[in-house]
Amino acid sequence: MRSSVVRDMFAVTSDPRTISFAGGHPGPEAFPVDELRSITDAIISKYGPAVFQYGSTEGHAPLRRNISALMQETYGLLHDPEDILVTSGSQQALYLLCRVFLNPGDLVITENPTYLGALNIFRSFLADIRTVEQDEEGMNISALEECLAELASGGQKPRFIYAIPSIHNPTGVTMSAERRSGLYDVADRYDIPVIEDDPYGMIRYDGLAVEPLKKLDARGRVIYVGSFSKTVSPGLRTGWIAAQSDIIRKCTIAKQGDDACSVTMAQFIISDFIESGAIYRQIERVKEMYREKRDIMAEALREMIPRASFNIPGGGLFLWVALPEELNAMDLLKKCLERHVAFVPGCNFYTDHGGANMLRLNFSFPSRDRIHEGLVRMAEIVEAELARSGVLN
Ligand SMILES: Cc1ncc(COP(=O)(O)O)c(C=O)c1O
């Protein structure tokens with residue numbers, strides 16, 4: 001098992017002096033505190049002790065219905081509430097899926113780079129992780145096909161393909177429609193399930209209507225994983241798996257042995273939050289806030305660290321930044337931490353030794369002023385490092 005750098009930095013990043021671009025934390029101003037308070041009061045008055053009781057492993061039935069309604073309303077995705085498992089965050093969803101699918105040494109395929117929290121789970125199950133490169137349109141489907149053909153010629157078959165098609169973490173890339181159907185076709189041809197991890201798809205603020213991969217899924221091949229962490233609150237630890245009933249059944253058994261059920265009160269709260277329609281207003285608010293913060297960070301970065309290059313993501317919480325190749329983001333981080341600025345060095349998202357000059361910057365958590373101040377400090381350090389490495393000479 002490997003510890004997550006983001007979790008390890010938690011002590012440093014929770015120091016109020018530190019300006020953290022590291023975690024995937026929503027902005028504290030984004031939480032709908034007043035609405036959540038009145039919903040909490042209302043559900044306690046209405047349901048009393050039931051709110052404090054154990055719940056079913058599958059999840060609070062009204063929440064499963066409301067998640068189904070949310071997916072239909074947002075994506076036009078029809079999915080039977082019976083085939084939804086409520087999880088303790090999408091992190092648990094990924095963990096349960098590995099419990100169900102993986103034996104030590106089993107093959108899994110991921111994009112390179114990818115979400116480090118998923119990599120750490122795959123590693124803890126002793127998975128053999130194979131990666132497929134991606135570009136600004138997402139996963140390279142020819143490379144995926146080559147990889148699968150090569151494995152098949154050796155009699156090997158991956159247990160699943162793990163992908164983040166919408167607003168990828170860390171790259172911010174959204175897979176094009178063509179690549180999505182390519183991914184689905186290839187997975188179908190080789191008979192491999194696809195785990196679609198989608199914590200950011202609902203906070204897309206570039207105005208594009210992008211449908212999840214699950215929408216293409218005629219044969220129950222796609223396992224959709226959703227989360228309320230970035231839209232409502234990560235502290236409520238609520239996510240879900242929407243998949244075929246046999247997979248849901250097995251994940252439910254795995255969950256019985258993991259935490260028996262997700263927190264009952266959180267499920268009641270989120271269920272009401274969806275049913276009242278508050279979630280749709282909340283998602284619009286969050287999009288507005290993060291679009292503004294993204295633009296503030298992008299502009300400050302262009303001005304202060306002009307040698308940094310990056311694409312503007314269509315949503316989500318992060319900028320994925322390339323520094324000149326002479327710079328090493330791990331070394332930079334040490335210096336930045338001395339000045340109380342934190343970020344995640346890009347190498348943590350790779351399974352090989354890639355991404356040494358890359359870094360992931362979170363813009364949702366810090367205030368506008370702190371985004372600015374943090375980048376001022378980073379820019380000074382980057383300048384000094386560039387001068388030291390001879391790039392500026
Ligand atoms: C791609 C991805 N998947 C899953 C998670 C886990 O989120 P949670 O467990 O809070 O739902 C995250 C969190 O940042 C993420 O970025």
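Whatever order the structure lists ligands and atoms in, that order sets their numbers, starting from 1.
- Inclusion of Q92 in the set of residues having an N or O under 3.5 Å from an N or O of ligand 1 is not warranted.
- Between F349 and W320 the shortest side-chain heavy-atom distance falls below 4.5 Å.
- Taking every heavy atom of R237 and a limit of under 4.0 angstrom, the matching atoms of ligand 1 come to 8 (P), 9 (O), 10 (O).
- Ligand-side atoms of ligand 1 in range of I164: 1 (C), range being under 4.0 angstrom from any heavy atom.
- Looking from atom 6 (C) of ligand 1 to the surrounding protein, the closest heavy atom is S90 OG, 3.3 Å.
- Looking at D191 and R221, a side-chain N of the basic residue comes within less than 4.0 Å of a carboxylate O on the acidic one, giving a salt bridge.
- For Y200, every heavy-atom contact with ligand 1 shorter than 4.0 Å involves the side chain, none the backbone.
- Side chains of V344 and P170 form no contact here, defined as non-hydrogen atoms less than 4.5 Å apart.
- Of all the heavy atoms of P234, none lies under 4.0 Å from any atom of ligand 1, so neither backbone nor side chain is involved.
- Using modelled atom types and a 3.5 Å distance limit, the side chains of D259 and Q92 yield a donor-acceptor pair.
- Close approach of ligand 1 to G89 (heavy-atom distance below 4.0 Å) involves ligand atoms 9 (O), 11 (O).
- How far NE2 of H168 is from CD of E111: 3.5 Å, rounded to the nearest 0.5 Å.
- Interface atoms of ligand 1 facing K230, defined by a heavy-atom separation under 4.0 Å, are 13 (C), 14 (O).
- Using a 4.0 Å heavy-atom cutoff, S229 is listed among the residues neighbouring ligand 1.
- The pair R130-E150 does not meet the salt-bridge criterion, since no charged nitrogen lies less than 4.0 angstrom from a carboxylate oxygen.
- Shown in contact with S227 at under 4.0 Å from a heavy atom are these atoms of ligand 1, numbered in order with element: 8 (P), 11 (O).
- The pair E385-K335 meets the salt-bridge criterion, with a side-chain N (NZ, NE, NH1 or NH2) lying under 4.0 Å from an Asp/Glu carboxylate O.
- Among all non-hydrogen protein atoms, the one lying nearest atom 5 (C) of ligand 1 is Y115 OH, 3.4 Å.
- Classification of R370 and E373 as a salt-bridged pair fails, no side-chain N sitting under 4.0 Å from a carboxylate O.
- Counting only heavy atoms of the protein, atom 1 (C) of ligand 1 lies nearest to D197 OD2, 3.3 Å.
- Side-chain contact of Q91 with Y115: a donor-acceptor pair under 3.5 Å is present, judged by distance alone.
- Distances shorter than 4.0 angstrom occur between a heavy atom of P199 and an atom of ligand 1.
- Neither the backbone nor the side chain of V225 has a heavy atom within less than 4.0 Å of ligand 1.
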